[in-house]
Student: 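Structure provided below as structure tokens; questions to follow.
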Amino acid sequence: MVASEIIRFDHVSKEFEKNDKQELQVLKDVNLTINEGSIFGIIGYSGAGKSTLIRCINGIEKPTTGDVYFRDTVINNIPNKQLRERRKEIGMIFQQFNLMPSRTVFENVALPIKYSGLAKDEIKAKVNQLLELVGLPDKLDVYPSTLSGGQKQRVAIARALVNDPQILLCDEATSALDPQTTADILKLLKRLNDELGITIVVVTHEMQVIEDLCEYVAVLDTGKIVEQGDVYSMFADPQQELTRKFISTTSKLNLPDEVLDSDLLHLVDNQLLIKITYVNTEAIEPLISHISRQFEVDANIIVGDIKILQQKPLGGLVIILDGTKANIEATVQYINDQNIRLEVLDHA
Ligand SMILES: Nc1ncnc2c1ncn2[C@@H]1O[C@H](COP(=O)(O)OP(=O)(O)OP(=O)(O)O)[C@@H](O)[C@H]1O
């Protein structure tokens with residue numbers, strides 16, 4: 001089945017006027033397509049323009065140039081009344097939850113449909129059903145201040161879903177949560193995507209969120225998308241330095257600087273410390289014995305790891321190669337020829 005597009009950024013740039021009247025270019029010629037039913041992540045450092053980008057999707061921000069399409073509608077060009085209607089199809093959650101402290105959980109979730117013309121009973125049924133869905137059926141009458149961060153975000157998710165939106169925007173939705181609660185919320189988002197078919201767009205500065213949740217990712221560097229694609233391919237073969245930096249934050253293959261800077265590994269003669277990343281995990285054992293036999297090079301494994309991304313394994317090893325200079329060079333050439341990603345971490 002061909003995936004149909006739900007959101008498209010077409011040459012979107014955004015400038016803000018700074019206090020000194022200078023223009024600040026926050027988005028630079030952004031092009032991206034988000035398919036219906038997918039989970040799409042946008043990762044970047046603080047100030048990269050992530051919030052501005054995601055806010056262009058529901059029309060809170062408007063591009064200075066370029067267009068944002070929601071299906072066939074150019075969302076930045078429609079009159080306000082029509083925009084308000086379209087926004088019902090786009091829910092949003094935030095880092096700080098944005099719940100109203102003086103309203104109960106029920107009232108918070110019901111707020112967006114309070115004046116929708118629905119009967120009280122219908123509103124009650126809808127809110128109950130959503131609180132059930134997010135795992136908080138017994139919290140109807142409590143106030144947000146009595147809830148944990150994770151519970152508050154669940155209420156915010158229920159509220160964001162109350163109009164049965166097609167898209168859920170998540171702006172750093174787990175950044176204020178501890179790792180276990182983050183994992184629980186990501187699991188919930190994944191389940192909502194599975195069960196409701198809702199398209200999810202996530203902006204984050206944490207690669208772990210991309211790894212655990214997303215199918216597609218775009219890397220934003222000071223307003224420019226420097227790399228985008230499916231998450232597995234990007235982890236397997238990142239093209240940009242910034243992408244590699246983000247990926248390294250979730251890797252178990254990082255040797256601490258203290259190890260690399262010290263002589264702990266005792267690299268001598270021609271020894272080479274390398275990291276390899278490979279997609280065909282079954283081929284790796286034969287590869288190691290092959291290089292030992294063919295090139296007379298010893299491969300001492302220091303660390304190994306296998307990740308499962310999009311139900312596919314992605315392996316990595318940190319190895320010391322030991323042999324003559326010529327044989328080690330031939331080994332490196334051979335590994336490169338196998339389409340295995342190889343980085344030299346250190347040498348004697
Ligand atoms: N309304 C505005 N007026 C002027 N400058 C703005 C406005 N909104 C954002 N900016 C500036 O645009 C830049 C990008 O901000 P944005 O919030 O989109 O980045 P971000 O990647 O989401 O960062 P963070 O994670 O820190 O929020 C920042 O320099 C910010 O100060």
Side-chain angles (χ1 to χ4, degrees), residues 7-32 34 39-68 70 75-77 80 83 87 90-99 149 152-153 156-157 160 167-179 181-182 185-186 189 200-214 216-228 231 234 238 240-250:
I7 293 293
R8 181 158 56 88
F9 280 62
D10 183 25
H11 296 288
V12 168
S13 294
K14 174 73 182 175
E15 288 167 9
F16 287 116
E17 196 174 283
K18 292 193 290 185
N19 291 339
D20 58 6
K21 300 276 177 223
Q22 298 275 27
E23 297 293 332
L24 177 68
Q25 216 183 348
V26 176
L27 296 177
K28 301 169 189 163
D29 196 29
V30 169
N31 292 296
L32 57 84
I34 299 173
I39 309 185
F40 197 105
I42 294 143
I43 188 160
Y45 288 130
S46 178
K50 306 182 294 296
S51 294
T52 306
L53 190 155
I54 206 172
R55 288 152 66 95
C56 285
I57 296 178
N58 58 4
I60 298 178
E61 295 290 357
K62 292 196 189 315
T64 310
T65 56
D67 288 316
V68 179
F70 177 11
I75 201 96
N76 44 289
N77 269 348
N80 279 343
L83 180 61
R87 273 203 195 130
I90 308 173
M92 188 161 185
I93 57 172
F94 309 86
Q95 180 172 355
Q96 296 304 336
F97 324 122
N98 296 10
L99 300 178
K152 284 180 191 162
Q153 196 57 291
I157 291 170
I167 304 176
L168 179 63
L169 308 178
C170 310
D171 191 352
E172 298 279 7
T174 55
S175 298
L177 305 174
D178 64 63
T181 311
T182 292
I185 293 291
L186 297 182
L189 292 173
I200 298 185
V201 185
V202 171
V203 305
T204 181
H205 64 280
E206 293 170 306
M207 201 61 179
Q208 195 65 51
V209 171
I210 302 291
E211 182 179 327
D212 291 349
L213 181 65
C214 299
Y216 299 93
V217 58
V219 181
L220 194 64
D221 185 7
T222 52
K224 242 189 141 39
I225 291 188
V226 292
E227 187 164 2
Q228 60 177 314
V231 168
M234 202 171 286
Q240 299 293 325
E241 186 52 35
L242 180 59
T243 315
R244 284 194 275 274
K245 261 193 194 162
F246 277 122
I247 287 173
S248 75
T249 61
T250 70

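Treat the numbers as computed from the prediction; the structure is a model and nothing was measured. Whatever order the structure lists ligands and atoms in, that order sets their numbers, starting from 1.
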Student: Students should be able to answer this: which protein heavy-atom is nearest to atom 6 (C) of ligand 1, and at what distance?
Tutor: Phe16 CD1, 3.3 Å

Student: Side chains of Thr243 and Gln240: do they bring a donor and an acceptor to under 3.5 Å?
Tutor: no

Student: At what distance is the nearest protein heavy atom to atom 27 (O) of ligand 1, and which residue and atom is it?
Tutor: Ser51 OG, 3.9 Å

Student: What is the closest protein heavy atom to atom 15 (O) of ligand 1, and at what distance does it sit?
Tutor: Thr52 OG1, 4.0 Å

Student: Does Lys50 reach ligand 1 with a nitrogen or oxygen that is under 3.5 Å from one of the ligand's nitrogen or oxygen atoms?
Tutor: yes

Student: Could you verify whether a donor N or O on one side chain and an acceptor N or O on the other, from Ser13 and Asp29, lie under 3.5 Å apart?
Tutor: no

Student: Out of Gly223, Cys56, Gly49, who is nearest to atom 19 (O) of ligand 1 when you count heavy atoms only?
Tutor: Gly49

Student: Among all protein heavy atoms, pick out the one at the shortest distance from atom 23 (O) of ligand 1; state its residue, atom name and that distance to 0.1 Å.
Tutor: Gly47 N, 2.7 Å

Student: Between Gln208 and Thr250, do the side chains contain a donor N or O and an acceptor N or O under 3.5 Å apart?
Tutor: no

Student: Do the side chain of Arg8 and the main chain of Val68 share a donor and acceptor less than 3.5 angstrom apart?
Tutor: no

Student: Can you list the ligand 1 atoms lying under 4.0 Å from a non-hydrogen atom of Tyr45?
Tutor: 21 (O)

Student: Determine if the distance from atom 11 (C) of ligand 1 to the closest protein heavy atom is below 4.0 Å.
Tutor: yes

Student: Can you confirm whether some protein heavy atom lies under 4.0 Å from atom 31 (O) of ligand 1, or whether none does?
Tutor: no

Student: What about Leu24: any of its N or O atoms under 3.5 Å from an N or O on ligand 1?
Tutor: no

Student: Looking only at distances, can you tell me whether any N or O atom of Val26, backbone or side chain, sits closer than 3.5 Å to an N or O atom of ligand 1?
Tutor: no

Student: Going by heavy-atom distance to atom 24 (P) of ligand 1, choose the closest among Ser175, Gly44, Ser46.
Tutor: Ser46

Student: By salt bridge (Lys or Arg N to Asp or Glu O under 4.0 Å), which residues pair with Glu61, not counting sequence neighbours?
Tutor: Lys14, Arg55

Student: Grab the two heavy atoms, one from Ile75 and one from Cys56, that are nearest each other, plus how far apart they are.
Tutor: CG2-O, 3.6 Å

Student: What residues, two or more places apart in sequence or in another chain, satisfy salt bridge (Lys or Arg N to Asp or Glu O under 4.0 Å) together with Glu17?
Tutor: Lys21

Student: Would you call the rings of Phe40 and Tyr216 parallel, tilted or perpendicular, where under 30° means parallel and over 60° means perpendicular?
Tutor: parallel

